[in-house]
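Hydrogens, waters and symmetry mates play no part in the numbers below; they use all other heavy atoms, side chains included. Chain letters run A, B, ... following the sequence lines, proteins first, then strands; residues in each count from 1.
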Amino acid sequence: MDRILAGTYPDAHCELDFGNPLELLVATILSAQCTDKRVNAVTPRLFAKYPTTEDYAAADRAELEEIIRSTGFFRAKANSIIGMAQSLCERFGGEVPGRLKDLVTLPGVGRKTANVVLGNAFGVPGITVDTHFQRLTRRFGWTAETDPVKIEQDVAGLIPKRDWTMMSHRLIWHGRRMCHARRPACGACPLAVLCPSYGIGPTDPAEAAKLVRPGPFS
DNA sequence: ATCCCGAGGG
DNA sequence: CCCTCTGGAT
């Protein structure tokens, strides 16, 4: 199944716009329960107004909230961003650390967010167990666990380490475009013949094709 | 387990 | 109206 995924999404990648680790960290916090497209709509203004950790740490809460409002959970996200920035200034000299152990100590940064930053801004192989990753690996029979850390351990034993970051992207792309939470497009899925969950969505190709969201397939 | 929260789709 | 969208903290 991993081979087919690799062939279907050869250039899967992080779809959040960013230019440095700090920008990716902020964008990833904003991406909680929100589409990347919407995050990318607000980050240009945000990054221009707050170019450094010091700028976030000293930000006016109301002004920051107004810019990120449309991403949802805006009060909690503003709290996380300001608290995270203050913590970065106090404990890491204003720099984003490149280790999981350090990243997860920041307010608003969990294991998933930390692995996104490591994998895409620092080039460290990371398994990103988000909602898509959890749903697809369970449907595929790669794991039976529900705890994200246990899922990560199961998948780590199945996939070579050098492929961890790309495999995370491919599963996420497939989850976003075809293997949806609600009505997965089983009839259009290239993994169907190998999938233990084939049939939980429409198996008629024409019906399934209607559910496939636009995106690169090669 | 529940809360945070807005926008877009069906 | 309903649901979902690359979570994290309590």
Legend entry - Distance below 4.0 Å between A:Arg176 side-chain N/O and C:dT6 OP1 or OP2: yes
Inset, instruction - Could you tell me the separation between the NZ atom of A:Lys77 and the P atom of B:dA7, rounded to a whole number of Å? - result: 12 Å
Inset, instruction - Find the distance A:Met84:CE to C:dA9:P and express it as a whole number of Å. - result: 12 Å
Legend entry - Contact residues, residues 99-113 of chain A to DNA chain B [heavy atom, < 4.0 Å]: none
Legend entry - Between P of B:dG10 and NZ of A:Lys210, the distance in whole Å: 12 Å
Inset, instruction - With a 4.0 Å heavy-atom cut-off, tell me which residues in residues 149-172 of chain A come close to DNA chain B, sorted by residue number. - result: none
Inset, instruction - Taking all non-hydrogen atoms of both residues into account, name the closest pair between A:Trp142 and A:Asp2 and its distance. - result: CZ2-N, 4.2 Å
Inset, instruction - With C1' as the reference atom in both, quote the distance from C:dC1 to B:dC4 in angstrom, rounded to an integer. - result: 22 Å
Inset, instruction - Taking the six-membered ring for Trp and the single ring otherwise, decide whether the centroids of A:Trp173 and A:His13 are under 6.0 Å apart. - result: yes
Inset, instruction - Check whether any side-chain heavy atom of A:Cys189 lies under 4.5 Å from a side-chain heavy atom of A:His174, and answer yes or no. - result: yes
Inset, instruction - Using heavy atoms and a sub-4.0 Å distance, could you list which residues of residues 28-44 of chain A are near DNA chain B? By number, please. - result: A:Gln33, A:Arg38
Legend entry - pair A:Phe122-A:Val96: side-chain heavy atoms closer than 4.5 Å: yes
Inset, instruction - Determine the interatomic distance between P on B:dC3 and the same-named atom on C:dT6; round to the nearest Å. - result: 23 Å
Legend entry - Sidechain-backbone polar pair: A:Glu23 side chain, A:Gly19 backbone, donor-acceptor under 3.5 Å: yes
Legend entry - Non-hydrogen side-chain atoms of A:Leu25 and A:Thr113 separated by less than 4.5 Å: yes
Legend entry - Rounded distance (Å) that lies between atom P of C:dG7 and atom CZ of A:Phe74: 19 Å
Inset, instruction - May I ask you to decide if A:Gly83's main-chain N or O and A:Ser87's side chain share a donor-acceptor pair within less than 3.5 Å? - result: no
Inset, instruction - For A:Arg69, answer base if it contacts any base atom (sugar-phosphate contacts may also be present), sugar-phosphate if it contacts only those atoms, and nothing otherwise; contact means non-hydrogen atoms under 4.0 Å. - result: sugar-phosphate
Inset, instruction - Find the distance A:His180:NE2 to C:dT6:C1' and express it as a whole number of Å. - result: 14 Å
Legend entry - Interatomic distance, A:Asp130 CG vs C:dT4 P [rounded to whole Å]: 16 Å
Legend entry - Heavy-atom check, side chain of A:Cys14 versus side chain of A:His169, under 4.5 Å: yes
Legend entry - Residues in side chain to side chain donor-acceptor pair (under 3.5 Å) contact with A:Arg111, at least two apart in sequence or another chain: A:Glu152
Legend entry - Whole-Å distance separating the CD1 atom of A:Ile68 from the P atom of B:dC5: 10 Å
Inset, instruction - Please confirm whether A:Arg170 makes a cation-pi placement over A:Tyr9, using NZ or CZ under 6.0 Å from the six-membered ring centre and within 45° of the ring normal. - result: no
Inset, instruction - Output all residues satisfying side chain to side chain donor-acceptor pair (under 3.5 Å) with A:Thr203, sequence neighbours left out; order by chain, then residue number. - result: none
Legend entry - A:Phe73 aromatic ring stacked with six-membered ring of B:dC5, 5.5 Å and 30°: no
Legend entry - Gap between atoms CG and P, on A:Asn79 and B:dC3 respectively (whole Å): 18 Å
Legend entry - For A:Val42, all residues meeting side-chain contact (heavy atoms from CB on, under 4.5 Å), sequence neighbours excluded: A:Leu30, A:Ser70, A:Thr71
Inset, instruction - Using the P atom on both, measure C:dG8 against B:dA7 and round to a whole Å. - result: 22 Å
